[in-house]
Amino acid sequence: MTPTIQRSNGATKEDIPEGASTLAFVFDVTGSMYDDLVQVIEGASKILETSLSRPKRPLYNFALVPFHDPEIGPVTITTDPKKFQYELRELYVQGGGDCPEMSVGAIKIALEISLPGSFIYVFTDARSKDYKLTHEVLQLIQQKQSQVVFVLTGDCDDRTHIGYKAYEEIASTSSGQVFHLDKKQVNEVLKWVEEAVQSSKVHLLSTDHFSGVSNTWQMPFDPSLKEVTVALSGPAPNIEIRNPQGKLVGKSDGLTELLHIPNSAKVVNIKEPQPGMWTIKTSSGGRHSVRISGLSTIDFRAGFSRKATLDFKKTSSRPVQGIPTHILLNTTGLSPPARADRLELLSVTGEVIKTLPIHYYPERQPYGLWNITEFIPPNEAFFLRVTGYDLDGFLFQRVSSVSFSSIIPDAPKVLMPATTHGYYLQSGAVRCQIDSLLPFTLRFSRDGRRLGVDQLFSESDNTSWEIPQVTLKDEGYYECIAISSAGTGRASTFLDVSVEGNVTASPGSRAVFTCHVVSTVNYNLTWLRGGHDARLDPRVQVLTNLSLQVSSVSPDQSGWYECVAINEGGVTAERIYLTVQGEECVFILTYTVEYRESCLYYLDFWGSSQECLRDRGVSSKGHTICSTYQLLYIILMFCYLYNNSISLESPVVTVALSEILIGTGETTVMACSASGTPQPEIWWYKGNVQIHSSSLLTVDTIGGTLTITETQDIDAGDYTCVAVNAAGTSSGKISLDVGATPKFIREPSDVAVDIGSNVTLICLTKGYPEPQVTWRRDDGLPLFNRPRTHGSITQSRGGLHITSLWVDDDAAYICEAHNHFGKIEASARITVTGLVSPVIAMSPSVLSVIEDQQVTLPCVLLAGNPFPERQWLHNYGLYVTVRRDGSLHIERVRVDDAGDYTCLAESVMKKKQHFRPTVSFLFPVLPTIQHGPQVFSTIEGTAITLPCLATGVPAPEITWAKVERNIKSFFVLYSYRLKTFLSSSSLHFLKLSCTSHFGFYCCVYLPVLFVHSVRPRFNVDGARGSTEPMRMSVIEGEDAILPCEVHSVPPPTISWAKENCVCVCVCVCVCTYVPPRHNKLPSGSMKILETKVSDSGLYLCVASNIAGNLTQSIELSVLVPPSIQAGPRVMKVQVGHPVELPCVVRGVPEPTLTWTQDGTRYPVSADGSLALRNVGLDDEGIYTCTATNTAGKDEAQVQLLVLHIFYKCSLSNLSLLSGLPKPVIRWLRNGQELTGNEPGVSILEDGTLLILASVSPLDNGEYLCAAVNDAGSTERKYQLKVNVPPDFRDSEMPSNVSLVLSQSTSLVCDVTGSPTPVITWYKEGIPVGEITRKKSLESRRQMLASTRVK
């Protein structure tokens, strides 16, 4: 059946942004795909949410193509993601049927409706039934460059079938993959799809392997690669990635595992990979495929052509097998001096088939087009791999998104019309059109005989067999034969010869001319009369079938009409003569004709119509006056008819120059020559107005010239020369243009512009023809054809445009305009301003480091415009590992790294500045502070010295700090170098003050502090600080500014400490280290960049000057908004079983969790989960876990599906009330399954009802009803026992018995029944005593035993 397509939000081709693509889901809606559909609906939401949140949205529209044998559709294509999700939710799975499905046809439709470069995902559990469409799908893939990925949860248990092989072939060609997984794993693949659907996706490797093998790929990663994904589909997949240093990359190095299905697939991703040569090792236990892709702006596309071309419209998406082929590459993301270096043809296993060089054309515009040397395409499918170098010289590689297979050419196709018209004694042609991908030999034949010589053509063409003068003997069948290596094509046509078409009409009637045109392409048809458009006559119109109709014909409309057909192959024309019938006119001619010796006649013609005489001019003798041409025509026709010695020839005009360009004021001569019998006159027209000689115009009707003296602008236009004789007319057209010298409308002017800016020099001119404007530099240097490191130079009609102005652009530029009548030029100078010499900030000139530690040598530029390039020299040798900020970073310092380092900053002005730090290598010795006296007593007003002897390598720097309160609290009041009071590492008090110097003092080397106490104890005077800390909070990742703005005279020294100090003993304390993300601002406040949770704590700001100090403490809390870890979205549980719905959340402060369902709140477990002990049907639904704290809120939903089977039983049937999913029911009797076909047995209502008709004891036994679904199984047993009423059997014993007194006897009562009847004996209505029952093996009998009869 033909699928239907639903469209919404349609857009024109112009509305679709460049690089946009389609996300298409091709889904199998058979009944077995229910679980898959549930996961796809959920996964699609995440895919759309992630895709739409990206800055550059890769998806423009969405397509949904459901299929179910034998139907495909209805198909949905929409730009609205909500519409796409709605249609996806509206899908319903149904039925079953045979395993193969119409999957390839659905893929074909998805490719046809999707944009180029799209993402197509196929979900099915069956192989293809319509695999014969595979070839068409492969052609579409190579045309659309789209990727097709298969998510298979089944394959009809036969992977050798051609219906399954079609999937592998489609995936291989499109760089897609085939994933085999369980139905519960579909959601895992969709998580990978969520990451895979991105713009700027490029391909680095695409291989297929037909057995288990391990491969190692060396692959260059260039700086433009923002992330790389490695996908392996196959059994036992394994991927190892090593960086350029050879280190195995793991999770700690940024490696992310996007998908891992142990026996089917593995996908890993790494973001921001380091540029260099990486090693990727892949292995699998069987048939597998490897796809490596990345995100980058550098990519390419390719087209194939028979001839070298720079026009992609002249290329095709596939080469022709066996034919020399050119490749045109269009690269993106490259600008000079970046270049493509070589092109390789790769097999599907990744082996190099052929390597082709790429020639470098730095001056070509546009720059990204590359021609590849001619080659013969291989017979196997192949990928293209481009290798080149980027702007910084890094090696890059890209692989085509699809594999290419050669077109196998067919025999030539030959087209000819069934009938070709030829006209007697005129030239004719038998035309033939040939379409062929291969060179071919062309032959014309007639009646089996070859005409002329064979011709060789290299490609499709149109040709003809020319006949100079058609006669009746030329009429017949002609055959056109094209022969190539692929076969032979032929066609034939019948040449129908007739006298040239004439039309005769009576005055007032309607005449219709038809022109038969045969063309395989579109053409234009024009009707002319006398060289002018025939429609200029209001009585003439062109019909819808392109025929010409003349309404109300009159004698002045008689003459030749010409139809002209034009297409891209050329021009052809045919003529038709219109004769207007009239009543006979009287021609009285007494004229002696002497034309050769054989033509001497006296002509005297008489007519008989008096009416005619009244309608025309009549002489005094009462006869019509004939014009000279009419007389000449009569004479010639008379001679021709009588002795055939004279023939008439229509005029043929030849134009000397069809286009003339002349200057103003010059003399113009236009010339036409004409042939014909009799010799025609030549008349001249401009438009529809005939030109006659005047003071400035001279018309020569015999010589055929038109002369214009002092030509002016108004003389420009189209002129027509018309040749006229008795046989007809002919015309030619000449176009006259009057030119003017170039003049400036606006000349360029001098400008002064800052370096790096954009500038335009305006140069506007006028003249005719339009002047050609060129630009050049006054110093003779090339302007356009030279490499530029910055910006570009382009020219437009408006002027010269320079982007990113550079020092080399400082020059004078000349604008020159010229045409046929002159040349003018003007110059303007560009002065580049804003140049600043580089200045490097000074840093410590000597750095001491310890082996294996990190070190960073800064090179900060304080000035420089344009921004200078920075290089580092080590011991005056070039050091290439330089960071973008200009610093030199050594990750692990070695002994041989010691020495002199020079940072060299050089500007384009060739001005340099150097900065030379020296790195010395130290063998570290841990710092120690020698303990001395810890309590000092002195007299006020005297000097005192607190010693602090510290040793270590490198030499420790000592800082003294004063402590407030007890040392165990250790509140630092100030922490700065006391240069005024320090001598070496000791602290000197020149004049002790009891009021200001009393207290605890610390001799500090971070992280060790040594404490001295001084008696008497006193405080330092100054402004008091706050005792209670200020509280601040910030969201994790945001910047925080801790305020500490202090005003004093002199300005204070600001220091910061975190967490104060925590004492480990009475005299020694350890302080917290402050990370480099903590920056002190000029105001004294501290800015913490990208806060982390570890930044929480108490910070102390100390402001000190000679007058005292001020302290402010700030307690910072770094908050983390709640984030619920991704967990299962759907959970299933059987009725009556317990279940825990997880909800793992991260956040600071600890988030508060709540669980709700349909407005009902549930208690939360300690670990955040929701525990349901005895699940019932009422518990089914969507549960929401909500996490909140002061930083924000997050929610996650889990859908709980309750699997159950309920039943009830009765004697006659067992009825299942419910079950999810619907269970399968079986009935067994005494262990034997009942099918419902047994006599008297019926099973109705899908097995829920068992009916036994006419039960008997034979139906006794155990009946078992078993129901099974995904939730489990249950069964119900029932013992059926059929009761039979008591019945007396016939007995041979006499009904009356006679006995002898005291003789023993037995009376028999043979009774049957179920259950066994209870027998009671009566004698004369009175029950007899105890009854003895005996059971016989042959029959059940009850006997009354009496030993003696009384």
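Quantities reported herein were computed from a predicted structural model and do not represent experimental measurements.
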Is there a side-chain contact between Tyr389 and Leu395 (heavy atoms, below 4.5 Å)?
yes
Over-ring placement of Arg385 relative to Phe300, 6.0 Å and 45° cut-offs
no
Assess the side chains of Trp370 and Thr331: does a donor N or O sit below 3.5 Å from an acceptor N or O?
yes
Under a 4.5 Å cut-off applied to non-hydrogen side-chain atoms, are Ser283 and Asn215 in contact?
no
Look at atom CD1 of Ile408 and say whether more than 12 heavy atoms of other residues, nucleotides or ligands are closer to it than 6.0 Å.
no
If you measure only the distance, is there a donor-acceptor pair under 3.5 Å linking the side chains of Thr256 and Asn269?
no
Once you round to the nearest 0.5 Å, how far does CZ of Arg291 lie from CD of Gln177?
5.0 Å
Assess the pair Phe150 and Phe179: is the distance between their ring centroids shorter than 6.0 Å?
no
Intermediate values then yes/no, salt bridge (charged side-chain N to carboxylate O under 4.0 Å, His left out), Lys144 and Glu112:
CA-CA 9 Å; Lys144 290 291 190 78; Glu112 289 171 342; over 6 Å; no
Is Arg339 paired with Asp341 through a side-chain N to carboxylate O contact shorter than 4.0 Å?
yes
Partners meeting side chain to side chain donor-acceptor pair (under 3.5 Å) with Thr173 (sequence neighbours left out)
none
Salt bridge (charged side-chain N to carboxylate O under 4.0 Å, His left out) evaluation trace for Asp299 with Arg398:
CA-CA 6 Å; Asp299 202 4; Arg398 298 292 185 270; 5.3 Å; no
Salt bridge (charged side-chain N to carboxylate O under 4.0 Å, His left out) between Lys354 and Glu344, intermediate numbers included
CA-CA 6 Å; Lys354 187 184 294 289; Glu344 295 168 301; over 6 Å; no
Looking at CG of Leu437 and CD1 of Ile323, how far apart are the two atoms once the value is rounded to the nearest 0.5 Å?
8.0 Å
May I have the step-by-step check of ring-ring contact (aromatic ring centres under 6.0 Å, His included) for Phe62 and Phe25, ending in yes or no?
CA-CA 8 Å; Phe62 312 88; Phe25 281 1; 9.3 Å; no
By salt bridge (charged side-chain N to carboxylate O under 4.0 Å, His left out) - contacts of Lys247 (at least two apart):
Asp253
Between atom OH of Tyr167 and atom OG1 of Thr124, what is the distance when rounded to the nearest 0.5 Å?
5.0 Å
Which residues share a salt bridge (charged side-chain N to carboxylate O under 4.0 Å, His left out) with Glu459, sequence neighbours left out
Lys307
